[in-house]
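Below: one structure, written as structure tokens.
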Amino acid sequence: MKAPHRNTAGRNKRIITRTVLGLALVAVPATAYAANAPADHVSSHSTQHSSPYGTQHGTQHSAQRAASATGLDDPAKKEIAMKLVSSAENSSLDWKAQYKYIEDIGDGRGYTAGIIGFCSGTGDMLDLVKLYTDREPGNPLAKYLPALEKVNGSDSHSGLGSAFESAWKTAAKDTAFQTAQNDERDRVYFDPAVKQGKADGVGVLGQFTYYDAIVMHGDGDDKTSFSSIRKRALAKAKTPAQGGNETTYLNAFLDARVWAMQQEEAHSDTSRVDTEQRVFLKNGNLDLHTPLNWKVYGDPYSIS
């Protein structure tokens, strides 16, 4: 099996603005959740067009689908999401093996570690260790909190180094630390992405495209943040909650995502969009039904 690799393309998180998603959510009735119309035969590069059902029929279809719709927060779908991200971030579907991961990948963000790439230079690693220490004082990482405070916003290893790396790997054996990683992933990345996806009326695949984008880009006010990617997409297409076609909108979002990735050399490989998410969309698999087959960095993966 190919050894896992860490590409800077998978670790380009911005300093997170924690409240942006929660404050910017678009209100939408529950009946608007999901697509306006099925799009099994819509091209992956289709332009804006009306639902084949018409506006009234499309709304009725949305209501029917919403009644039984499963979101990305469904446990089975969430497990799929974790594996999809891990294929791009770790070249492995075994995302639970990444609790112990830690290294500096040379992207200017200090250490990158854990299941979602918490970074010592962007604040989310500091928040994680604070949470872990609140729950379990005296843990192996607690004594490094002052150093993490000092290096936040930089790529410095001052006060950390090999001893910190060893402490991280030791802590990763503690279920309390694993739970803390899960909880911070959900609070900062997963839950806001799913909430915004549901507000925009997109289904499981759409919610996943949001999650994968915020994992890589973080959120904030810079031009490649998640919110900026979404705004760029909205300039081209309406969300299903606004009466737009789901496939058309998601293509616009993925186009905007690719543009954002290409703004940095580290993102020159956009296969996590081109040969993964875009493939599911072209196949009309808006709810990520298995089996799933995709490629990232040219490597094939499948979930049966």
Side-chain angles (χ1 to χ4, degrees), residues 6-26 44-48 72 81 84-90 105-109 112 116-119 121-124 185 188-190 192-197 199-200 202 205-239 242 244 246-282 294-297:
R6 289 280 174 157
N7 227 313
T8 52
R11 295 300 181 197
N12 190 40
K13 291 193 300 259
R14 300 291 191 270
I15 296 176
I16 308 300
T17 301
R18 305 298 185 188
T19 59
V20 170
L21 281 173
L23 294 176
L25 289 172
V26 178
S44 64
H45 296 286
S46 62
T47 55
Q48 181 80 25
L72 193 65
L84 289 172
V85 170
S86 188
S87 72
E89 299 287 313
N90 310 102
I105 61 176
D107 64 351
R109 294 169 178 81
T112 293
I116 208 66
F118 301 99
C119 296
T122 63
D124 53 356
R185 172 203 62 204
V188 180
Y189 303 107
F190 187 81
V194 171
K195 188 175 183 181
Q196 184 66 69
D200 285 343
V202 297
L205 174 59
Q207 292 164 37
F208 175 74
T209 67
Y210 280 16
Y211 174 57
D212 191 64
I214 198 171
V215 164
M216 175 181 284
H217 302 281
D219 202 22
D221 56 6
D222 64 279
K223 67 179 182 179
T224 59
S225 69
F226 167 76
S227 288
S228 294
I229 292 171
R230 180 174 171 273
K231 288 178 182 177
R232 193 176 183 88
L234 287 170
K236 300 293 184 180
K238 293 180 179 180
T239 67
Q242 296 171 326
E246 184 170 13
T247 298
T248 302
Y249 170 71
L250 290 180
N251 269 306
F253 183 84
L254 293 180
D255 287 345
R257 169 78 188 282
V258 167
W259 178 87
M261 292 173 71
Q262 291 175 338
Q263 301 312 297
E264 292 193 33
E265 180 61 30
H267 291 173
S268 58
D269 189 319
T270 57
S271 59
R272 68 196 292 161
V273 172
D274 303 332
T275 57
E276 182 190 303
Q277 296 168 47
R278 193 85 77 174
V279 170
F280 303 149
L281 185 57
K282 186 175 182 179
W294 73 98
K295 291 183 179 180
V296 182
Y297 310 126

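Computed from heavy atoms alone, side chains included, the values below leave out hydrogens, waters and symmetry copies.
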- Results of side chain to side chain donor-acceptor pair (under 3.5 Å) for Glu276 - residues two or more places apart only: none

- Partners of Ser86 by side chain to side chain donor-acceptor pair (under 3.5 Å), sequence neighbours excluded? Asn90

- Query: Where do Ala233 and Ala256 come nearest, in terms of heavy atoms and distance?
  - Reply: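 Result for this residue pair: N-CB, 4.1 Å.
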
- For Asp124 against Cys119, the heavy-atom pair lying closest together: OD1-N, 2.8 Å

For the [atom1] atom of [X] and the [atom2] atom of [Y], what is their distance to the nearest 0.5 Å?
X      : Y      : atom1 : atom2 : answer
Met261 : Asp274 : CE    : CG    : 7.5 Å
Leu250 : Tyr210 : CG    : OH    : 7.5 Å
Lys195 : Gln207 : NZ    : CD    : 13.0 Å
Phe226 : Thr209 : CZ    : OG1   : 7.5 Å
Ser227 : Asp222 : OG    : CG    : 9.5 Å
Tyr189 : Phe118 : OH    : CZ    : 7.0 Å

- Just by modelled atom types, is the Ser225 backbone N or O under 3.5 Å from a matching donor or acceptor in the Asp219 side chain?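 Looks like no, no N/O pair under 3.5 Å.
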
- By side-chain contact (heavy atoms from CB on, under 4.5 Å), which residues pair with Arg185, not counting sequence neighbours?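 For Arg185 the side-chain contact (heavy atoms from CB on, under 4.5 Å) partners, ignoring immediate neighbours, are Lys78, Met82, Trp95, Ile115, Ile116, Asn182, Tyr211.
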
- Message: Going by the rule side-chain contact (heavy atoms from CB on, under 4.5 Å), which residues pair with Ser271 if we only count those two or more places apart in sequence or in a different chain?
- Response: Asp269, Thr275, Val296, Tyr297

Contact check, side chains of [X] and [Y], non-hydrogen atoms, under 4.5 Å:
X      : Y      : result
Leu254 : Leu281 : yes
Thr247 : Lys282 : no
Arg257 : Arg272 : yes
Trp294 : Leu84  : yes

- Query: Is it true that Lys231 and Asp221 have a side-chain N and a carboxylate O under 4.0 angstrom from each other?
  - Reply: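 Salt bridge absent between Lys231 and Asp221.
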
- Query: Any ion pair linking Asp255 and Lys236 (charged N to carboxylate O, less than 4.0 Å)?
  - Reply: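 No, Lys236 and Asp255 are not salt-bridged.
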
- Message: Phe280: which residues meet the ring-ring contact (aromatic ring centres under 6.0 Å, His included) condition with it, sequence neighbours left out?
- Response: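 Per chain and number, Phe280 pairs via ring-ring contact (aromatic ring centres under 6.0 Å, His included) with no residue.
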
- Message: My understanding is that only residues two or more places apart in sequence, or in another chain, count here; which of them pass ring-ring contact (aromatic ring centres under 6.0 Å, His included) with Phe208?
- Response: none

- Task: Let me know which of Gln242, Arg230, Lys238 forms a side chain to side chain donor-acceptor pair (under 3.5 Å) with Asp200.
- Result: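 When Gln242, Arg230, Lys238 are each tested with Asp200, the side chain to side chain donor-acceptor pair (under 3.5 Å) holds only for Arg230.
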
- Task: Output, in order, the C-alpha distance, side-chain angles, deciding distance and verdict of side-chain contact (heavy atoms from CB on, under 4.5 Å) for Leu234 and Thr239.
- Result: CA-CA 7 Å; Leu234 287 170; Thr239 67; 3.4 Å; yes

